[in-house]
Structures are given as structure tokens and as C-alpha cells.
Amino acid sequence: MAESGRPPNRFTNVVRFGPVQVGTYYDGRGRTKHVAACTAPRCDFSADYHGRAAAELAARTHRCNP
């Protein structure tokens, strides 16, 4: 378990913007991170962000390029 008492990589507060999911997790050092990941087939988009607003903006503006 991480020092913060939370296990790493458990996603919380997951929302969906089209095919992109945005979630919050704690990294291995206990820091809060946000991720945006596209669930469309053959789309490899995913990125980590320090802020939730940045992850949601990326999700809203993402266009798949399969």
C-alpha cells in the first residue's frame, strides 16, 4: 500500500465524454493524478494530467485518429 494509506491506481470519480473516460487516481507516491483515456478501438490516446480540468478539456476536445 502507498504511504498515504491508499492503494495506487484505483480510479475514482470516473466520467465519460464520448469515447473518452476521465478518472482520478493516486500514483505510487500518494499524489493525486488525473487521466484521460479513449476507449475507441485502435485509438491509443491516453494522458496523465496534474489537474482535473486539464484532463476533462483533453477529453472534450479529443478526436480519434484510427
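Because only heavy atoms are used, hydrogens play no part in the values below, and waters and symmetry mates are left out as well, while side chains stay in. A quick note: this is a predicted structure, and the numbers were derived from the prediction, not measured.
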Least distance between heavy atoms, Ala36 atom then Val22 atom: CB-CG2, 4.3 Å
For Arg60 and Arg63, which heavy atoms make the closest approach, and how far apart are they? O-NH1, 3.8 Å
Just checking, any donor-acceptor pair under 3.5 angstrom between side chains of Asp48 and Tyr25? yes
Looking only at side chains, do Thr32 and Arg52 share a donor and an acceptor under 3.5 Å apart? no
Cluster check Val14, Phe17: I/L/V/M/F/W/Y, side chain < 4.5 angstrom: no
Hydrophobic cluster membership, with links at side-chain heavy-atom distances under 4.5 Å among I/L/V/M/F/W/Y: are Val20 and Tyr49 in one? yes
Would you check, one step at a time, whether the test side-chain contact (heavy atoms from CB on, under 4.5 Å) holds for Lys33 with Thr24? CA-CA 6 Å; Lys33 299 282 185 151; Thr24 301; over 6 Å; no
Is it the case that over 12 heavy atoms from other parts of the model lie below 6.0 angstrom from the CG atom of Asp44? no
Is the closest side-chain heavy-atom distance between Cys64 and Cys38 below 4.5 Å? yes
Within the structure provided, determine whether Arg16 and Thr39 are in side-chain contact (heavy-atom separation under 4.5 Å). yes
Nearest 0.5 angstrom please: His50 NE2 to Arg31 CZ, how far? 8.0 Å
Check: Phe45 ring centroid to His62 ring centroid under 6.0 Å: yes
